Every structure is written in C-alpha cells, then in structure tokens.
Amino acid sequence: MDKQQLKDDYGVELWDQDRIQAFRETVLSWYDAHKRELPWRETRDPYKIWISEIMLQQTQVKTVIPYYKRFLETFPTVEDLADAYEDDLLKVWEGLGYYSRARNMHTAAQQVVQEFGGVFPSNMKGLKSLRGIGPYTAGAIGSICFGLVEPAVDGNLMRVIARLFEVDLDVKQAKNRKVFQAIAEHLIDPDRPGDFNQALMDIGATICTPKNYHPERSPLKEFNSSYVNKTWEYYPVTSKNKPPTPYTYLAIIVRDAEGQYLMEKRPNEGLLSNMWTYPLIDVKDLDETGWRAVQPTAIEHLDDEMSGQVEHIMADRYNLPLTIRPQVDGDVVHVFSHQKWTLYLIVADLQVEAVTDNIPDNCQWIAPDEFSQYTFPVVQQKLVTAYREQTLF
DNA sequence: TAATCGTGGCG
DNA sequence: TCGCCAAGATT
C-alpha cells in the first residue's frame with residue numbers, strides 16, 4: 001500500500017523522506033538510551049526469541065519473565081521441545097493462559113526439526129508456515145533474529161501509530177491491521193529493523209500507554225499529530241468488548257477411602273483443553289426449576305430434588321454411587337476473556353463399599369501429594385483453596 | 001469476519 | 001465491582 005492510497009482510502013498523511021529519517025533516528029537513539037533490559041534481549045537465537053514472542057502474546061512482560069526462564073531450563077533446544085510429552089509442556093505453561101499456544105509450539109518445534117532440519121527458517125514465508133506464528137510473530141522473529149525489514153505490528157505499534165497519525169480506524173477490527181502494517185512498513189528503519197520494532201513496542205508499553213498517557217513526555221511528541229492537534233484522547237479508536245457469558249457449575253468433591261480425590265481431564269479441544277479439574281456439572285444439565293433456582297443469586301443449600309438429580313448425574317457419568325451433601329461448601333467466581341464462571345463447591349460421600357474403579361478413562365483418583373504432577377487451570381486452584389478454607393472451620 | 005482462547009493488574 | 005488491556009493466532 002503506497003502513500004497515495006493511505007491518504008485517499010484512509011485519510012492518513014504520511015511524512016516525506018526527511019521527516020521519516022528524522023523519526024527513525026529519534027526512535028533508535030531513545031531505544032539506545034532507555035531500552036528495557038529483558039532476558040530475551042541478551043540473545044538473537046531464534047529459538048529463544050520465538051519462545052519469548054509466543055509467551056508475550058496477550059501477556060505482560062512481568063508475567064512472562066519467570067515462565068521464559070523455566071521453559072528454557074526445561075527445554076533448552078528445539079529438539080528437546082519437539083521430543084517432549086505434551087503433558088510436560090502443558091505443566092511448564094500452567095498458569096500462563098492461552099494454553100493452545102503451548103500445543104502449537106510443540107507442533108512448530110516438530111516442523112522445525114522435520115521440515116527445516118532443526119534450523120529455524122530465516123524468511124517470512126518459512127516463519128509463517130510454523131504453527132502459532134502469525135504476521136506479528138513472524139515480523140518480530142524475522143526482524144530481531146535475521147534483520148528482515150518487516151514490521152512487528154502488535155497492540156503497542158497500532159496504538160503508537162494511531163496517535164502519531166490520528167488514524168480513525170478501530171484497532172480491534174482485524175481488517176484494519178493492514179493499514180497499520182502499511183504505515184509501519186514506511187516508517188521502519190532498514191538498517192536496524194529489529195531494534196526499531198522493539199523501540200516502538202517499548203515506547204508503547206512504557207510511555208505511549210493506554211491509560212495515564214502523557215504525550216508531552218514522549219520522545220516522539222514533535223512527530224505526534226494528535227499531540228500537536230490536541231486530539232490524543234480520541235486515539236486509538238477501540239470498539240467495546242462483548243461482556244463474558246455467564247455460566248454456573250457445581251464442582252463435585254469426592255474423596256475415596258485412601259484420601260484421593262476424583263479428578264477429570266478436560267477434552268482435547270476447547271477451553272482449558274487437557275487440563276484437570278474436579279467434576280463439573282453445568283446447572284443447565286439439571287431440570288428447569290433446578291437451574292433457575294441456582295442461576296440468579298448465590299445459593300447455600302441444594303434442595304432434595306436437586307441433590308437427587310446431582311446424584312443421578314454422578315452415577316450416570318462416573319459410575320459412582322454417591323450421597324450428595326446439600327450444604328454448599330463455598331463458591332468461586334472466575335472470569336475468562338469470554339466466559340464468567342460461578343462455581344459452587346459440593347461435597348459428595350461415597351456409599352458404603354462402593355466400587356470406585358469403574359470411572360471413565362478421562363478420570364483418575366489423585367492424592368494431594370500427587371497434585372504437582374498434574375496440570376490445573378487457575379480456576380481449579382481457586383476451588384482447592386476455597387475448599388480448604390471452608391473445611392478448616 | 002467474528003468468536004474463541006487465560007490470567008493478572010489497574011483505574 | 002467491573003471493564004479494559006497485555007509483544008495475537010486460529011478457525
């Protein structure tokens with residue numbers, strides 16, 4: 001996309017070549033003086049940069065740092081990662097979120113070994129062919145590790161560019177990304193593309209921030225048309241998020257005679273795939289009067305009717321004869337990006353001489369001292385904590 | 001294209 | 001408390 005089209009189609013007035021050159025020098029000298037010291041900035045090894053870039057997707061730097069170090073200790077090379085068991089990979093990723101990233105990395109590592117002889121591809125086509133590497137990550141790895149003159153358009157870059165050029169396009173709409181990409185392609189420094197990309201990301205993360213933005217403090221203020229025109233509070237344009245859909249579950253806690261708990265491995269696809277939780281019953285699986293009673297407000301007891309239904313479901317799904325305690329032993333609220341879960345802790349007692357070895361394949365009896373060998377989502381860890389707090393008294 | 005996919009922090 | 005957001009990719 002050329003300058004004329006940017007102006008005609010999107011109302012973006014790009015600068016002349018002299019101003020672009022001055023901008024590059026300002027950005028890079030700021031970076032040389034003020035860049036953040038980060039673990040992945042001590043190397044240009046594409047394997048390590050790749051790990052960092054995947055972890056940094058939608059995740060803050062502070063959160064990533066300990067995971068990055070632990071990951072490289074566990075899987076020092078791409079061959080180690082390619083040969084790993086997926087459960088071991090998931091365990092290292094535990095708590096970081098967006099777990100499909102881990103599974104995609106596993107696939108991509110095998111691609112690197114099998115299709116590229118264990119050597120990371122050094123061009124954009126090869127990088128994008130790897131599972132989990134999209135346009136941003138390909139640009140980041142390409143520019144940082146191989147000096148490719150490719151922008152790395154993430155949320156930071158779009159916010160910075162939107163303010164610099166007063167871009168009236170919704171940064172949350174995927175179709176608008178190409179406009180920011182085109183602008184960045186004109187701006188990027190051809191001699192130091194990796195530093196240029198990281199510099200704009202650092203400026204976006206530390207100065208040109210979403211909130212508490214003070215444009216007068218920015219090294220780019222003289223280039224910033226939204227600052228000159230006093231319109232910065234309108235940029236970037238962002239549409240509203242859809243609120244998370246509410247769900248309500250009963251988390252059933254069953255302990256056998258040996259003190260082990262019934263746990264279930266979630267399906268291979270979808271939310272929290274392959275991770276372990278207590279058995280969860282969606283209250284919509286209860287009959288109409290049942291779940292309507294549970295939905296709106298917090299509950300403290302299950303009535304006889306509901307207890308009977310839960311017992312029936314547990315017998316049906318887990319082949320276990322149980323007696324449900326009607327008392328609710330605490331509740332947990334957990335918000336995902338698109339779902340909001342409310343969970344009620346329900347304790348179930350095994351009936352006398354119950355047979356416990358007919359549970360489904362995706363279920364296991366797990367003792368507390370074995371918990372560290374399994375991967376639990378944060379919502380499950382919250383359930384454990386809530387249960388301990390309740391039963392302490 | 002719009003929805004899906006986690007978690008932690010902040011105003 | 002709630003909505004927003006963070007170095008996005010996939011379908």
Side-chain angles (χ1 to χ4, degrees), chain A residues 35-36 38-41 49-68 90 93-105 107-108 127-144 150-160 170-178 180-181 184 194 196-206 208-213 236 238-246 266-275 277 333-342 375-382:
Chain A
K35 73 171 181 180
R36 292 178 288 177
L38 301 168
W40 45 88
R41 286 189 175 163
I49 299 297
W50 171 55
I51 305 295
S52 75
E53 290 299 342
I54 300 297
M55 287 186 169
L56 285 162
Q57 289 171 3
Q58 300 293 283
T59 311
Q60 295 193 336
V61 165
K62 184 182 174 185
T63 305
V64 165
I65 290 174
Y67 281 91
Y68 172 79
L90 201 56
W93 211 268
E94 182 180 52
L96 195 54
Y98 284 159
Y99 298 97
S100 66
R101 291 183 292 177
R103 183 160 33 171
N104 289 341
M105 286 190 76
T107 303
L127 288 169
K128 281 184 188 167
S129 76
L130 298 176
R131 184 88 186 162
I133 296 187
Y136 161 76
T137 306
I141 298 174
S143 64
I144 294 170
E150 297 281 348
V153 182
D154 72 332
N156 287 311
L157 245 83
M158 289 199 284
R159 184 172 57 256
V160 170
D170 184 353
V171 295
K172 283 185 183 166
Q173 288 214 319
K175 63 176 180 182
N176 291 331
R177 190 190 167 286
K178 65 176 186 292
F180 295 93
Q181 170 95 20
F196 182 88
N197 284 333
Q198 295 184 88
L200 285 192
M201 286 191 272
D202 266 21
I203 290 172
T206 62
C208 188
T209 46
K211 297 170 185 174
N212 295 324
Y213 173 47
T238 60
S239 52
K240 279 191 178 174
N241 289 332
K242 204 178 108 181
T245 309
R266 293 175 63 83
N268 193 24
E269 297 177 348
L271 185 63
L272 305 178
S273 57
N274 295 336
M275 303 184 81
T277 69
V333 174
H334 189 78
V335 182
F336 302 96
S337 35
H338 58 303
Q339 294 183 15
K340 177 177 180 174
W341 287 11
T342 303
T375 308
F376 301 113
V378 168
V379 63
Q380 168 63 23
Q381 295 169 4
K382 283 185 183 175

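FYI, side chains are in, hydrogens and waters are out, and symmetry mates aren't considered; it's all heavy atoms of this structure. Quick note on labels: first sequence line is chain A, next is B, and so on, each numbered from 1. In this text the structure is predicted, and so the values were computed from the model without any measurement.
- The shortest distance between side-chain heavy atoms of A:L56 and A:W40 falls below 4.5 Å.
- Looking at A:N197, its side chain never comes within 3.5 Å of a backbone N or O of A:I144 through a donor-acceptor pair.
- Nucleic acid contact class of A:W40 (heavy atoms, under 4.0 Å, all strands): base.
- Within the nucleic acid shown, A:V61 comes within 4.0 Å of at least one base atom, counting heavy atoms only.
- If you measure from atom CD1 of A:I54 to atom P of C:dT10, you get 8 Å, rounded to the nearest angstrom.
- Of the side-chain N and O atoms in A:R159, none sit less than 4.0 angstrom from OP1 or OP2 of C:dC5.
- Rounded to whole angstrom, the span from the CD atom of A:Q58 across to the C1' atom of C:dA6 amounts to 6 Å.
- Contact annotation for A:T63: no contact, since no heavy-atom pair falls under 4.0 Å across all strands.
- Separating the C1' atom of C:dC5 from that of B:dC5 is a span of 15 Å, rounded to the nearest Å.
- Residues A:L127 and A:E150 have side chains not in contact (no heavy-atom distance under 4.5 Å, counting atoms from C-beta outward).
- Among the atoms of the strands shown, none is found under 4.0 Å from any heavy atom of A:R266.
- Below the 3.5 angstrom threshold, one finds no donor paired with an acceptor across the side chain of A:T59 and the base of B:dG8.
- A:A152 comes within 4.0 angstrom of nothing in the nucleic acid, heavy atoms only.
- When rounded to the nearest whole Å, the span between CD1 of A:I203 and C1' of C:dA7 equals 14 Å.
- In this structure, the CE atom of A:M201 is 13 Å from the C1' atom of C:dA6, given to the nearest Å.
- Between the side chains of A:Q173 and A:S239, no donor-acceptor pair is found at a separation under 3.5 Å.
- Look at A:R131 and you'll find a side-chain N or O under 4.0 angstrom from OP1 or OP2 of C:dT11.
- Among the heavy atoms of the strands, none lies under 4.0 Å from A:K382.
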Does A:E53 form a side-chain hydrogen bond (donor to acceptor under 3.5 Å, both in side chains) with A:Y136? I'd like the steps, not just the answer.
CA-CA 9 Å; A:E53 290 299 342; A:Y136 161 76; 2.6 Å; yes

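- The backbone N or O of A:C208 sits nowhere less than 3.5 Å from a side-chain atom of A:N156 that would complete a donor-acceptor pair.
- No contact: A:I49 has no heavy atom under 4.0 Å from any strand.
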Protein and nucleotides 1-3 of chain C: nitrogen or oxygen contacts under 3.5 angstrom:
unit_1 : atom_1 : unit_2 : atom_2 : d
C:dG3  : N2     : A:K211 : NZ     : 3.4

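- The CG atom of A:L56 sits 16 Å away from the P atom of B:dG8 (whole-angstrom rounding).
- Under 4.0 angstrom from either OP1 or OP2 of B:dT7 there lies at least one side-chain N or O belonging to A:H334.
- The number of heavy atoms from other shown groups lying within 6.0 Å of NZ (A:K178) is above 12.
- With hydrogens and angles ignored, no donor-acceptor pair under 3.5 angstrom links the side chain of A:R103 to the base of C:dA9.
- Without hydrogens or angle criteria, A:S143 side chain to A:A140 main chain gives a donor-acceptor distance under 3.5 Å.
- Screening A:V61, A:T206, A:D154 against A:M201 for a side-chain contact (heavy atoms from CB on, under 4.5 Å) leaves a single residue, A:D154.
- Comparing the P positions of C:dT1 and B:dG6 gives an interatomic distance of 25 Å, to the nearest angstrom.
- A distance of about 16 Å separates the P atoms of C:dA7 and B:dG11, rounded to the whole Å.
- Heavy atoms of A:T137 sit under 4.0 angstrom from primed sugar atoms or phosphate atoms, though from no base atom.
- Annotation for A:D170 and A:T238: closest pair OD1-CA, 3.6 Å, computed over non-hydrogen atoms.
- Residues A:K128 and A:L38 both approach DNA chain C. Their nearest nucleotides, taken by heavy-atom distance, put A:L38 toward the 5′ side.
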Protein-nucleotides 2-5 of chain B N/O pairs closer than 3.5 Å?
unit_1 : atom_1 : unit_2 : atom_2 : d
B:dC5  : OP1    : A:L271 : N      : 3.3
B:dC5  : OP2    : A:H338 : NE2    : 2.7

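- Dashed line: the shortest gap from a side-chain N or O of A:Q57 to OP1 or OP2 of C:dG8 is not under 4.0 Å.
- Rounding to the nearest 0.5 Å places CH2 of A:W93 at 13.0 Å from CZ of A:R103.
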